[in-house]
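Step one of this worksheet: look at the structure below.
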Amino acid sequence: MATLFEKVKIGNLELKNRVVMDPMGFSHTDPDGGYSDRQIDYYVERAKGGFGLIYPTATTVTTKFEFAPMPNVLETYSQATRLSILCDKVHQYGAKLCSQLSLGLGRVAFVDPFTPPKSASAVPAFFFPDLICEPFTVDEIKFLIGKFGYSCLLAKNAGADAIEIHAYGGYLIDQFLTPLWNKRTDEYGGSLENRLRILYELRDACWENCGKDFPLFVKLTIDHGIPGGRTLEEGIEMLKVLDDAGFACFHLDLGTYENWYDAVTTVYQKEGNQLYLAEAAKKAGIKTPLLVQGKLGDPKLAEKVVREGIADLIGLGHPALTDAEWANKAKHGRHEDIRPCIGCNECIYANLTNQRFKCAVNPVLGMEKEFALTPAREKLSVLVVGAGPGGIKAAITAAQRGFKVELWEKDYSLGGALRAAGAPDFKEAVAKYLEYLKVQLYKSQVMVRLNKEATPEEILKMKPDAVILACGARPIMPNIPGMEKMTVLEATQLLIDGTCPGQKIVVLGGGLVGCETALFLERQGKEVTIVEQMEALLMTVKHATNNDLAIKKLLQDSQIQQLTKANVTSVDTASVTVNKEGQEMTVPCDTLVIAIGYQSDHSLEAALKGKIPKVFTIGDNVVPAKVIDAVAEGYHTARLLEELEN
Ligand SMILES: Cc1cc2nc3c(=O)[nH]c(=O)nc-3n(C[C@H](O)[C@H](O)[C@H](O)COP(=O)(O)O)c2cc1C
Ligand code: SF4
């Protein structure tokens, strides 16, 4: 029976284990698209952390048709030299490197609203549907294939151990493979054989440059999951055709841009959401080894997938971002120390908004060297007030640095806002993160005091050298006439309590908390209406496209009624009055749930400033924000404590 941490041979590629860091891009490249020192540090940390195979991000073979479609480029000697530094460093930890080479984005390019992208055919561009893509000529296709072959040679010479063709996810090569986007009538369009021609030519270009025995992987989407896209049956048929084509591994994937959450998973996807692809392929008798990913961050699940022969290699995307040491921790049974992903996709959001690469739960992501902790220069005593994600992170980090740390929490339980955020069954990942934080806190040297309300007097009596205020924010409660006549609950508390006595519920506020609370209630069999004053739900939420699409899909698939451009103007015993665009309507209900936002309280900070040497406020206590802000502020405040001035 296969195991996760045994040596394995995939084609001619020998790996020390079956744990793969999936390709994940970020844009801190060298100016010419070569791997920067930061990128190298980021990958090397994962090699050091025990991953058997490291995939750098998708790397483009030419910028002739798209300006820097992928963060990295591999078409010059200097770019290849940077890759060779990366390969050397990865190899020093016993890991191997697979270079994922791409022809570009095609119709999913996000250049500008004026320039039609180039694609297989004249189909609408994804981001700007008024733009019709310009089809590649046959000469241009040959040029791309030639460039691909040359990049393969550069990668091999630089020390890459394998190459992968980036042929999945509705990107350019997949646009050739898929009739939905390939309307060509020449030798690259029409029959499956013709549509696969580009893949065979890319394979041949690799073989010509690297030899037939060089391990060549291909990443393929075998179920697009959208109308007109490839169905699972068609995907399996395609694998059968390719099974004897000499590929060392099929890297299977799900979804495309329209349902991006299936490919780049979110908190709302189920664990192992792509496993059925591998199961179907094995069942169909596919002999080529399989690599699969999709929320496999629980090491027990990863081990099970390998033991049951569902897949040969386990791909970890987000889990490799949250914890560079995933593999070593899993190998040594330290499962409780693996920092789980909360599926928020701040990593993607950062990429899409031109910020540096970021992770909500791992503040050093992409800045592995710059943000590393140093031992405390002086043994300061630190009081952290509030045990939400920011407070716990600050306390643990301060203790790791060697400070004497106490953490006060006014509630009987740890977690703050995470307790509510992780309450719905579809937010299990957040609940797991809270469990992780609790364990880490327990293992740390932090003195934790629950049920401990922090007053200025008590803090001044304690005389800490530094106070970090992470008291969170309070829900805003409106003053609507008649509210005393009905059960009125606040969303956060409702989520923590887990129950709502009523049956017909109106949720006031259609932001993230309101929508998730509505879904939570609907899954308990309640009749739910969301009332939102803006013209659509979720308009104020700043999150990644895949998360946005995912929660909107959940809402769309639910029975929840939505009243937008609307407000609750009065409350009665068995109904509320809603004003929607000037029209009054009565909505029968027995419970009103409030989810209209939060406000911070700065009174403690004001009472302490000037009386304690260092007073810092972090997270929602500054201004209501997100987990990523709280965790980062907690980490950096503790990391820089001696240097920071009030
Ligand atoms: C920030 C980020 C960048 C990604 N970039 C790539 C990429 O360059 N090439 C690729 O094949 N997949 C890319 N992916 C997809 C992942 O490799 C992986 O397939 C996906 O996240 C699902 O696996 P997971 O649930 O383990 O995260 C990216 C994902 C993330 C989160
Ligand atoms: S930013 Fe969020 S989704 Fe991305 S890896 Fe970190 S926790 Fe996971």
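Order of appearance sets the numbers: ligands from 1, and atoms from 1 within every ligand. Note that the structure is a prediction, hence the values are computed from the model and not measured. Note that the numbering runs from 1 along the sequence shown for the chain.
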### Query
Mind checking whether D298 and E271 have side chains closer than 4.5 Å, heavy atoms only?
yes
### Summary
For D22, the ligand 1 atoms with a heavy-atom partner under 4.0 Å come out as 17 (O), 18 (C), 19 (O)
### Task
Using a strict 4.0 Å cut-off to heavy atoms of D253, name the atoms of ligand 1 that fall inside it.
19 (O)
### Query
Are E370 and R38 ion-paired here, with the side-chain N under 4.0 Å from a carboxylate O?
yes
### Message
Using only atom types and a distance under 3.5 Å, with no angle test, would you say the side chain of R18 pairs donor to acceptor with the backbone of V306?
### Response
no
### Message
Using the ring centroid of each side chain, check whether W181 and H224 are separated by less than 6.0 Å.
### Response
yes
### Evaluation steps, side-chain hydrogen bond (donor to acceptor under 3.5 Å, both in side chains), between T178 and N182
CA-CA 6 Å; T178 313; N182 183 341; over 6 Å; no
### E346: which of Q355, K626, K542, H543 passes side chain to side chain donor-acceptor pair (under 3.5 Å)
K626
### Query
Would you say C359 reaches atom 4 (Fe) of ligand 2 with an N/O/S atom under 2.8 Å?
no
### Message
Within 2.8 Å of atom 8 (Fe) of ligand 2, is there any N, O or S atom belonging to C347?
### Response
no
### Query
Taking the six-membered ring for Trp, are the ring centroids of Y635 and F371 within less than 6.0 Å of each other?
no
### Numbering as shown, the atoms of ligand 2 that approach N345 to under 4.0 Å (heavy-atom distance)
2 (Fe), 3 (S)
### Query
Among the heavy atoms of N273, does any lie under 4.0 Å from an atom of ligand 1?
no
#### Entry: Reference residue N547; test side chain to side chain donor-acceptor pair (under 3.5 Å); the match among N345, T265, T266
N345
### Task
Enumerate the atoms of ligand 2 whose separation from the nearest heavy atom of A360 is less than 4.0 angstrom.
1 (S), 6 (Fe)
### Query
Looking at the rings of H28 and Y42, which for Trp means the six-membered one, are their centres under 6.0 Å apart?
no
### Query
Hey, what do you get for CD1 (I163) to SG (C210), rounding to the nearest 0.5 Å?
4.0 Å
### Query
So, for Y171 and Y257, is the gap between ring centers shorter than 6.0 Å?
yes
### Task
May I ask you to check whether Q100 has an N/O atom sitting below 3.5 Å from an N/O atom of ligand 1?
yes
### Task
Return yes when F357 approaches ligand 1 closer than 4.0 angstrom through a heavy atom, no otherwise.
yes
### Task
Just jot down the ligand 1 atoms closer than 4.0 angstrom to any heavy atom of N351, in number order.
1 (C)
### Message
What protein heavy atom lies closest to atom 3 (C) of ligand 1? Include the residue and the distance to one decimal.
### Response
G25 N, 3.3 Å
### Message
Is the shortest side-chain heavy-atom distance between T256 and T221 below 4.5 Å?
### Response
no
### Query
Any N or O of P23 that comes nearer than 3.5 Å to an N or O of ligand 1?
yes
### Message
Is it the case that the side chain of N328 and the backbone of K48 share a donor-acceptor pair, with hydrogens and angles ignored and the cut-off at 3.5 Å?
### Response
yes
### Query
In ligand 1, which numbered atoms sit nearer than 4.0 Å to a non-hydrogen atom of M24?
2 (C), 3 (C), 4 (C), 5 (N), 6 (C), 28 (C), 29 (C), 30 (C)
### Message
Check for me whether L296 has a heavy atom closer than 4.0 Å to any atom of ligand 1.
### Response
no
#### Entry: Cation-aromatic face contact K16/F5, 6.0 Å, 45 degrees
no
## Note on the structure
ligand 1 to T265, heavy atom cutoff 4.0 Å, flagged ligand atoms 24 (P), 25 (O), 27 (O)
### Query
Can you check whether G317 has an N/O within less than 3.5 Å of an N/O in ligand 1?
yes
### Query
To the nearest 0.5 Å, how far apart are CG in D262 and OH in Y268?
14.5 Å
### Query
Which residue from K358, H318, E346, H251 reaches closest to atom 27 (O) of ligand 1 through any of its heavy atoms?
H318
### Query
Of all the atoms in ligand 1, which lie at a distance below 4.0 Å from a heavy atom belonging to P319?
26 (O)
### Task
Before signing off on this row, confirm whether Q274 and ligand 1 have an N or O atom pair separated by under 3.5 Å.
no
### Heavy-atom check, side chain of I551 versus side chain of L538, under 4.5 Å
yes
### Query
Do any N/O atoms on T57 end up under 3.5 angstrom from N/O atoms on ligand 1?
yes
#### Entry: Close N or O approach (V264, ligand 1; < 3.5 Å)
no
### Task
Just jot down the ligand 2 atoms closer than 4.0 angstrom to any heavy atom of T322, in number order.
5 (S), 6 (Fe), 7 (S), 8 (Fe)
### Closest protein heavy atom (residue, atom, distance) for atom 8 (Fe) of ligand 2
C341 SG, 2.4 Å
#### Entry: Contact (N/O only, under 3.5 Å) between K295 and ligand 1
yes
### Query
Looking only at protein heavy atoms, which one is nearest to atom 2 (Fe) of ligand 2, and how far off is it?
C344 SG, 2.4 Å
### Query
atom 22 (C) of ligand 1: which protein heavy atom is closest, and how many Å away?
A263 O, 3.1 Å
### Task
Run the numbers for me: atoms of ligand 1, each under 4.0 Å from some heavy atom of K219, listed by number.
10 (C), 11 (O), 12 (N), 17 (O), 19 (O)
### Query
So, the side chain of T76 versus the backbone of Q79: is there a donor-acceptor pair under 3.5 Å, distance only?
yes
### Query
What about A58: any of its N or O atoms under 3.5 Å from an N or O on ligand 1?
yes
### Task
Compare V267, L321, I342 and give the one whose heavy atom is closest to atom 7 (S) of ligand 2.
I342
### Task
Identify the two heavy atoms, one from V8 and one from N17, that lie closest to each other, and give their separation to 0.1 Å.
CG1-O, 3.8 Å
### Task
Tell me which protein heavy atom sits closest to atom 23 (O) of ligand 1, plus the residue, atom name and distance to 0.1 Å.
Q293 CG, 3.4 Å
### Message
Please report whether ligand 1 has a polar contact with Y168, defined as an N or O pair separated by less than 3.5 Å (distance criterion only).
### Response
yes
